[in-house]
Amino acid sequence: MENKIDFDEYTKNYNQLLQEQTGFFSSSEEYFARYKVEIVCNSLLPPIKSVLEFGCGIGRNIGHLQQAFPTATLVGSDISAASLELARQVYPDVEFLQEVTAETLSEKHTLGFDLIFIAGVFHHIAVEQRLAVATSLFKLLSTAGHLIIFEHNPYNPITRKIVNNCPYDADAILLKPTELTNLLSEAGFTVERKAYCLFIPPALSWLAPLEKALGWLPLGGQYWVQAKRPL
Ligand SMILES: C[S@@+](CC[C@H](N)C(=O)[O-])C[C@H]1O[C@@H](n2cnc3c(N)ncnc32)[C@H](O)[C@@H]1O
């Protein structure tokens, strides 16, 4: 990918840019992190003893993951050193790694992670590298561990407009849900579930129960896929 975005350059104004792009939906950019982790919590059965957020950026989801899985060991990883530096300042008790592979994992994680959480990362990975990344993630999961990926929904015209206008999305190549599920299957995962999400803004929270019923409708702002490492 020639125009690969370097997120080191966006650490200081990441939240501000996100707020500018998504303010019409939620007045707080934090809403999106909380919303995703809530879906993850409702989709998994305990015990979850170890969690990796792959592509954690400046750590926007980390606090919510900590709250959701208080007894789990939590690791964040990202290729952006500057983003990790910021995340470390906010969460000094969390381990952050710039490179995470099954081969480089420390002893305490050799059994792999029970949950790998990924939000908004795959569309930044060059198409030709995606299978290698998915295969590496497969090796990082514990036996019967789960992977949950959130991605922008390319069928939603508002999402596409946001991506087109967002400076740090200049390298984004969005994935259709079937592209993502095929990729995961090819890497060895069993895909368990996929659903569209982010239909209803928090201001209309009384309509929120509808979200679950709308998972089939390809108009949500994003979608998520749950996959597991088969036994
Ligand atoms: C849009 S940001 C999302 C950050 C975070 N997941 C969140 O929800 O706030 C995308 C992140 O993916 C990271 N990234 C891109 N390619 C990556 C790769 N191959 N491995 C790990 N992280 C990557 C970027 O550095 C950036 O921090």
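Ligands are counted one by one from 1 in listed order, and the atoms in each one are counted from 1 as well. Any value given below was found using the heavy atoms of this structure, including those in side chains, with hydrogens, waters and symmetry copies removed.
When Thr11, Asp6, Asp8 are each tested for a side chain to side chain donor-acceptor pair (under 3.5 Å) with Ser80, only one passes: Asp8.
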Are His152 and Asp169 close enough, and set up right, to give a side chain to side chain contact (heavy atoms under 4.5 Å, CB included), and what steps lead you there?
-> CA-CA 11 Å; His152 291 322; Asp169 275 336; 4.3 Å; yes
Evaluate the criterion side chain to side chain contact (heavy atoms under 4.5 Å, CB included) for residue pair Asn15 and Ile58; output intermediate values, then yes/no.
-> CA-CA 9 Å; Asn15 280 340; Ile58 58 173; 3.9 Å; yes
Yes or no on side chain to side chain contact (heavy atoms under 4.5 Å, CB included) for Tyr168 and Asn13, after CA distance, side-chain angles and deciding distance?
-> CA-CA 10 Å; Tyr168 62 68; Asn13 60 351; over 6 Å; no
Just do the side chain to side chain contact (heavy atoms under 4.5 Å, CB included) check on Val100 and His109 with the steps written out, would you?
-> CA-CA 11 Å; Val100 61; His109 298 301; over 6 Å; no
Worked check of salt bridge (charged side-chain N to carboxylate O under 4.0 Å, His left out) between Glu179 and Arg130 | CA-CA 11 Å; Glu179 286 178 88; Arg130 289 176 183 171; 5.2 Å; no
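Taking 4.0 Å as the cut-off, Val133 does not count as a neighbour of ligand 1 on heavy-atom distance. Not a single heavy atom of Glu29 sits less than 4.0 Å from an atom of ligand 1. Using a 4.0 Å heavy-atom cutoff, Tyr14 is listed among the residues neighbouring ligand 1. Using a non-hydrogen distance threshold of 4.0 Å, Glu53 registers as a contact of ligand 1. At least one heavy atom of Phe54 sits under 4.0 Å from some atom of ligand 1.
Neither Ile148 nor Val191 shares a network with the other; the hydrophobic side chains, linked directly or stepwise wherever heavy atoms of I, L, V, M, F, W or Y lie under 4.5 Å apart, form separate groups for each.
For a threshold of 3.5 Å applied to N or O pairs, the pair formed by Lys4 and ligand 1 contains at least one separation below that value. At least one N or O atom of Asp78 sits closer than 3.5 Å to an N or O atom of ligand 1. Residue His123 has no N or O atom closer than 3.5 Å to an N or O atom of ligand 1. Between Gly55 and ligand 1, at least one pair of N/O atoms sits closer than 3.5 Å.
Close approach of ligand 1 to Arg60 is summarised as follows: ligand atoms under 4.0 Å from at least one heavy atom of the residue are 7 (C), 8 (O), 9 (O). In the vicinity of Gly57, heavy-atom distances shorter than 4.0 Å reach the ligand 1 atoms 27 (O). Those atoms of ligand 1 that come under 4.0 Å of a heavy atom in Ser80, given as number and element, are 25 (O). Near Cys56, with a cut-off below 4.0 Å to any heavy atom, the atoms of ligand 1 are 5 (C). Near Ala119, the atoms of ligand 1 lying under 4.0 angstrom from a non-hydrogen atom of the residue are 3 (C), 5 (C), 6 (N), 8 (O).
Taking CG of Leu97 as the reference point, atom CG of Asp78 lies at 11.0 Å (rounded to 0.5 Å). In this structure, CD in Glu30 is found 4.0 Å from NE2 in His64, a value given to the nearest 0.5 Å. Of the inter-residue distances, the one linking Leu214 atom CG with Leu219 atom CG reads 9.5 Å to the nearest 0.5 angstrom.
Contact annotation for Asn61 and ligand 1: only side-chain heavy atoms (C-beta onward) come within less than 4.0 Å of the ligand. At a 4.0 Å heavy-atom cut-off, ligand 1 does not touch Gln129 at all. Neither the backbone nor the side chain of Ser77 comes within 4.0 Å of ligand 1, counting heavy atoms alone.
Judged by distance alone, the side chains of Glu85 and Gln89 never bring a donor and an acceptor atom under 3.5 Å apart. With hydrogens and angles left out, the side-chain atoms of Tyr35 and Glu211 include a donor and acceptor closer than 3.5 Å.
Residue Gln19 qualifies as enclosed at atom CD: its count of foreign heavy atoms under 6.0 Å is above 12.
Closest to atom 24 (C) of ligand 1 among all protein heavy atoms lies Phe7 CD1, 3.3 Å. The protein heavy atom nearest to atom 10 (C) of ligand 1 is Gly120 O, 3.4 Å. Here the heavy atom of the protein found nearest to atom 19 (N) of ligand 1 is Ile125 CG1, 3.9 Å.
In this structure, of Asp8, Ile79, Ile118, Val121, the residue bringing a heavy atom nearest to atom 12 (O) of ligand 1 is Val121.
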